Amino acid sequence: EAGVTQFPSHSVIEKGQTVTLRCDPISGHDNLYWYRRVMGKEIKFLLHFVKESKQDESGMPNNRFLAERTGGTYSTLKVQPAELEDSGVYFCASSQTGGNQPQHFGDGTRLSIL
Amino acid sequence: AQSVSQHNHHVILSEAASLELGCNYSYGGTVNLFWYVQYPGQHLQLLLKYFSGDPLVKGIKGFEAEFIKSKFSFNLRKPSVQWSDTAEYFCAVTPWGTGGFKTIFGAGTRLFVKA
């Protein structure tokens, strides 16, 4: 089975530009999560989709971040406009329905804001 | 606020040494507990998990972890490490009743095993 895939693997943009990250979950996984790790810090939860609905977006830093999951398949995370503090690794994870299902992680997108 | 604390940021061991990585969490209710590992250049992988039952959990590659509820701890152990265990290890907690499945991670422990 294909794992969680994220694109791009690395993005370098200038402050003020827009970047869109994409996550393709494992087929059949209704739950999709976004996390972020700023260098040297812990991995922090951003938000959780169940199918196309946002179940929990309490971790989104501010309104410059917009996550979508149209159709309940892949998800995008857009940062507009990007700021220096947005640099980090953005992880996506997916899991099957049910509270006891482990999350499967993608390789992450390393975002560098110059 | 809910949090996960990993005791060591960096650990250096020689091969065959025993390993114990500490993890404590702050949440008074029921939790699911995980250890994830990220090998160099690879994605995060699940090492082991605890949901209920026997508090001593065995995972892949000879790792085990023990849930001690009274201490809010979930320490990871391995009797004899190998060079290939060099990686970053993350303790994670999913509290029940948070309205979703938000997982809270520790800051990670970088393990370097000398051959």
Side-chain angles (χ1 to χ4, degrees), chain A residues 1-10 23-26 29-51 53-60 67 69 88-110, chain B residues 1-10 21 23-27 29-53 57 59-60 65 67 87-110:
Chain A
E1 130 186 300
V4 176
T5 56
Q6 292 187 245
F7 182 83
S9 57
H10 194 178
C23 169
D24 286 74
I26 292 173
H29 283 194
D30 287 342
N31 294 294
L32 187 148
Y33 312 82
W34 283 99
Y35 294 87
R36 175 174 74 173
R37 188 182 192 199
V38 173
M39 185 180 292
K41 305 273 185 161
E42 67 272 21
I43 300 169
K44 283 200 169 177
F45 168 86
L46 296 179
L47 88 160
H48 169 213
F49 284 99
V50 176
K51 297 185 180 178
S53 300
K54 291 176 186 173
Q55 178 76 14
D56 181 353
E57 52 183 330
S58 62
M60 294 288 265
R69 193 183 182 196
V89 181
Y90 289 76
F91 292 100
C92 176
S94 71
S95 70
Q96 293 178 314
T97 304
N100 286 350
Q101 297 298 327
Q103 297 175 25
H104 300 262
F105 282 80
D107 289 343
T109 293
R110 183 174 296 279
Chain B
Q2 299 144 2
S3 65
V4 176
S5 174
Q6 292 185 235
H7 303 172
N8 309 94
H9 292 297
H10 294 91
L21 301 183
C23 172
N24 287 88
Y25 65 93
S26 64
Y27 182 71
T30 303
V31 293
N32 292 340
L33 297 154
F34 308 86
W35 275 96
Y36 286 89
V37 60
Q38 187 169 25
Y39 297 102
Q42 297 186 29
H43 59 266
L44 273 168
Q45 302 171 40
L46 182 66
L47 203 54
L48 49 78
K49 61 183 186 288
Y50 171 82
F51 291 151
S52 63
V57 179
I60 60 172
F67 171 47
E88 190 162 17
Y89 293 79
F90 296 91
C91 181
V93 169
T94 301
W96 286 32
T98 56
F101 305 120
K102 178 163 69 175
T103 297
I104 302 161
F105 286 82
T109 297
R110 288 185 183 272

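Note that the coordinates shown come from a computational prediction; the quantities given were computed from them, not determined experimentally. Chain letters run A, B, ... following the sequence lines, proteins first, then strands; residues in each count from 1.
- Proximity to chain A (any heavy atom under 4.5 Å) is shown, for Gln6(B), by neither the backbone nor the side chain.
- Taking all atoms of both residues into account, the shortest heavy-atom contact from Lys102(B) to Ser58(A) is NZ-OG, 3.4 Å.
- With values rounded to the nearest 0.5 angstrom, Ser5(B) atom OG is found 10.0 Å from Glu42(A) atom CD.
- Nearest heavy atoms, Asp107(A) versus Gln42(B): OD1-C, 4.5 Å.
- Neither the backbone nor the side chain of Ser95(A) comes within contact range of chain B; no heavy atoms are under 4.5 Å apart.
- Both the backbone and the side chain of Gln103(A) come within less than 4.5 Å of a heavy atom in chain B.
- Within a 6.0 Å radius of NZ in Lys51(A), other residues, nucleotides and ligands contribute 12 heavy atoms or fewer.
- Residue Phe105(B) is tested with Tyr33(A), Phe105(A), Phe91(A) for a ring-ring contact (aromatic ring centres under 6.0 Å, His included); the sole match is Phe105(A).
- When all heavy atoms of Thr103(B) and Tyr35(A) are compared, the closest pair comes out as CB-OH, 3.2 Å.
- In this structure, the separation between CD on Gln38(B) and CZ on Arg37(A) is 7.5 Å, given to the nearest 0.5 Å.
- The parts of Leu44(B) that come within reach of chain A are both its backbone and its side chain, each placing non-hydrogen atoms under 4.5 angstrom from that chain.
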